[in-house]
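Worksheet for the structure shown next.
Remember, it's a predicted structure, so these values are computed and weren't measured experimentally.
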Amino acid sequence: MSPVSPVSPVPGAGGLGVVVVNYGDPSVLEHHLLRHDLTAVARVVVVDNFSTAAHRDAVAALCRRRGLDAVLLPRNDGFGAGVNAGAAHALAAGCRALLLVNPDLRLEPAVAAALHAEVRAHPDRLVAPRIVREDGRRWFDGAQVSLRTGRTGRTGRLTGPDLVPWLTGACLAVHRDLWEAVGGFAPEYFLYWEDVDLSLRVQRRGGRLLVREDLLAVHAVGGTQAGAGKSPAYVRFHCRNRLLFARRNLGARAAARQALGAPRYAAEVLRRDGWRRLLVDRAPLRAAVRGTLAGWVVAFSPRRPPVPGAARAAADAGAAPVRARAGAGHRG
């Protein structure tokens with residue numbers, strides 16, 4: 001099978017492209033996102049990074065069986081780059097809007113159609129539904145980031161005049177015009193914080209963020225994690241990418257200021273799983289150290305012009321796959 005399946009019209013697609021990234025065994029994708037048939041309301045594009053020949057064959061077979069577009073990529077350049085490649089494929093097929101989703105998300109076709117209608121009616125809006133866990137508890141209904149400290153939290157949890165809203169990339173609808181105007185996801189993040197970055201860039205271009213609380217999606221939290229608790233990749237990239245976000249968007253002085261608080265932030269990330277875990281598993285601690293060191297390098301390095309994510313994917317759709325195995329598609 002070629003790296004990218006041929007682009008052809010899909011009856012009933014209605015101009016919406018659903019883009020999902022996968023790594024490894026596609027069982028999570030099949031059991032969650034594909035539990036509902038989205039092909040009646042959207043063109044579904046599965047972006048897969050090669051892990052093993054068996055997994056690649058399974059993804060290709062799944063896409064053939066379910067009538068999905070397959071973008072089969074040769075290496076792992078990160079989640080944002082993978083989404084950009086899938087988005088480029090969907091837009092080349094004529095889709096006028098994108099719905100970016102995690103493989104461990106359950107989304108009814110009616111919700112997807114409503115999100116599509118929202119961004120078609122308001123092309124300047126970045127839109128997310130309300131997302132709950134499988135037991136019904138809240139997972140996402142809006143979040144904020146402090147541009148002063150680089151800390152994030154649910155809407156209403158943080159205080160200060162420098163708070164900016166952001167929407168999770170676990171389920172995110174965007175019009176083609178807005179996606180292309182901001183350049184898609186920034187691939188430099190590799191994993192996590194690319195949605196915070198995108199949200200800020202949308203707002204700086206005059207766009208708006210909206211959570212449709214009347215629309216519901218279900219997130220199988222941890223569905224893409226290998227094992228219990230936060231993965232080392234989660235810890236490492238959260239520690240690194242907080243400083244990358246500051247360096248990209250706020251400048252060297254702000255990045256340096258936030259770098260001083262990096263050890264404290266790393267401790268906060270580790271505490272999300274509880275300190276007891278570190279008694280039996282030191283991998284998260286090592287990941288926190290590596291991520292913090294990498295963040296310091298970013299914070300104090302000369303800033304290079306970012307590579308626009310959508311432009312990169314359009315130019316080389318075969319060079320950008322999905323996120324790492326630990327936390328592939330997971331945003332918890």
**OP:** Evaluate the criterion side-chain contact (heavy atoms from CB on, under 4.5 Å) for residue pair Val47 and Val83; output intermediate values, then yes/no.
**Re:** CA-CA 7 Å; Val47 183; Val83 170; over 6 Å; no
Subject >> Sub-4.5 Å side-chain heavy-atom contact between Leu105 and His32 >> reply: no
**OP:** Is it possible for you to say whether Val111 and Leu216 belong to one hydrophobic cluster, with membership spreading through side-chain heavy-atom contacts below 4.5 Å?
**Re:** no
**OP:** Check whether any side-chain heavy atom of Phe190 lies under 4.5 Å from a side-chain heavy atom of Asn241, and answer yes or no.
**Re:** no
Subject >> Side-chain donor/acceptor of Asn22 to backbone N/O of Gly24, under 3.5 Å >> reply: yes
Original post:
With sequence neighbours left out, what residues match Glu213 under salt bridge (Lys or Arg N to Asp or Glu O under 4.0 Å)?
Top reply: none
**OP:** Scan Val45, Leu34, Leu38 and name whichever one has a side chain to side chain contact (heavy atoms under 4.5 Å, CB included) with Leu68.
**Re:** Leu34
Subject >> Atom of Gly17, atom of Ala90 and distance for their closest heavy-atom approach >> reply: CA-CB, 4.2 Å
Subject >> For Trp296, the rest of its hydrophobic cluster, which grows through side-chain links under 4.5 angstrom >> reply: Leu243, Val289, Leu293, Phe300
Original post:
Honestly curious: do Val28 and Val218 fall in one hydrophobic cluster under the side-chain, below-4.5 Å linking rule?
Top reply: no
**OP:** Tell me, with the steps shown, if Val44 and Arg66 meet side-chain contact (heavy atoms from CB on, under 4.5 Å).
**Re:** CA-CA 10 Å; Val44 179; Arg66 300 292 296 270; over 6 Å; no
**OP:** On the 0 to 90° scale, with breaks at 30° and 60°, tag the Phe79-Phe185 ring pair as parallel, tilted or perpendicular.
**Re:** tilted
**OP:** Mark yes or no for whether Asn84, through its side chain, and Gly184, through its backbone, hold a donor-acceptor pair below 3.5 Å.
**Re:** no
Original post:
Which heavy-atom pair separates Val211 from Phe140 by the least distance, and what is that distance?
Top reply: CG2-CE2, 4.3 Å
**OP:** Work out which heavy atom in Ala97 is nearest to a heavy atom in His116; give both atom names and the distance.
**Re:** CB-CD2, 3.6 Å
Original post:
At what distance, to the nearest 0.5 angstrom, does CG of Asp104 lie from NE2 of His219?
Top reply: 3.5 Å
**OP:** Name all residues meeting the side-chain hydrogen bond (donor to acceptor under 3.5 Å, both in side chains) criterion together with Arg253; count only those two or more places apart in sequence or in a different chain, and write none if there are none.
**Re:** none
Original post:
If you measure from CG on Leu100 to SG on Cys171, what distance do you get to the nearest 0.5 Å?
Top reply: 8.5 Å
**OP:** Quick one: pull up CH2 in Trp166 and CZ in Arg201 and give me the separation to the nearest 0.5 Å.
**Re:** 14.5 Å
Subject >> From NE2 (His122) to NE2 (His175), nearest 0.5 Å >> reply: 12.0 Å
Original post:
Counting only heavy atoms not in Arg240, do more than 12 sit closer than 6.0 Å to its CZ atom?
Top reply: yes
Original post:
How long is the span from the CZ atom in Arg151 to the CD atom in Gln258, to the nearest 0.5 Å?
Top reply: 8.5 Å
**OP:** Output yes when Asp135 and Arg133 qualify as a salt bridge under the 4.0 Å nitrogen-oxygen rule, no when they do not.
**Re:** no
Original post:
Sub-3.5 Å donor-acceptor pair from the side chain of Arg157 to the main-chain atoms of Thr152, do we have one?
Top reply: no
Original post:
How would you list all residue pairs meeting side-chain hydrogen bond (donor to acceptor under 3.5 Å, both in side chains) that involve residues 202-212, not counting sequence neighbours?
Top reply: Glu118-Arg212, Arg212-Asp214
**OP:** Evaluate the side-chain proximity of Cys63 to Asp69: yes if any heavy-atom separation is below 4.5 Å, no if none is.
**Re:** no
Original post:
Is a side-chain N or O of Arg106 found less than 3.5 angstrom from the main chain of Ala220, in a donor-acceptor match?
Top reply: no
Original post:
Under 30°, 30 to 60°, or over 60°: which ring-plane class applies to Trp193 and Phe245, parallel, tilted or perpendicular?
Top reply: tilted
**OP:** Treat each ILVMFWY residue as a node, draw an edge where side-chain heavy atoms are under 4.5 Å apart, and state whether Leu209 and Leu198 are in one component.
**Re:** yes
**OP:** Answer with yes or no whether the hydrophobic clustering places Val298 together with Leu147; edges join I, L, V, M, F, W, Y residues whose side-chain heavy atoms lie under 4.5 Å apart.
**Re:** yes
Subject >> Results of side-chain hydrogen bond (donor to acceptor under 3.5 Å, both in side chains) for Arg65 - residues two or more places apart only >> reply: Glu30
**OP:** Check whether any side-chain N or O of Ser199 sits under 3.5 Å from a backbone N or O of Leu167 as a donor-acceptor pair, and report yes or no.
**Re:** yes
Subject >> Atom pair CG/CG of Leu244 and Asp197 - distance to nearest 0.5 Å >> reply: 7.5 Å
**OP:** Would you kindly confirm whether Tyr265 and Leu250 end up in one hydrophobic cluster when ILVMFWY residues are joined by side chain heavy atoms under 4.5 Å apart?
**Re:** yes
**OP:** Side-chain contact test, heavy atoms from C-beta onward, threshold under 4.5 Å: evaluate it for Arg247 versus Glu188 and give yes or no.
**Re:** no
Subject >> Shortest non-hydrogen contact between Leu178 and Pro123, atoms and distance >> reply: CB-O, 3.5 Å
Subject >> Heavy-atom closest contact (Asp141 atom, Arg130 atom, distance) >> reply: CB-CG, 4.2 Å
**OP:** Quick one: closest heavy-atom pair of Leu107 and Ala112, and the distance?
**Re:** CD2-CB, 4.0 Å
Original post:
Arg242 side chain to Thr149 main-chain N or O, any donor-acceptor pair under 3.5 Å?
Top reply: yes
Original post:
Quick one: does Asp77's side chain get under 4.5 Å of Pro187's, heavy atoms only?
Top reply: no
Subject >> With sequence neighbours excluded, residues passing ring-ring contact (aromatic ring centres under 6.0 Å, His included) with Tyr189 >> reply: none
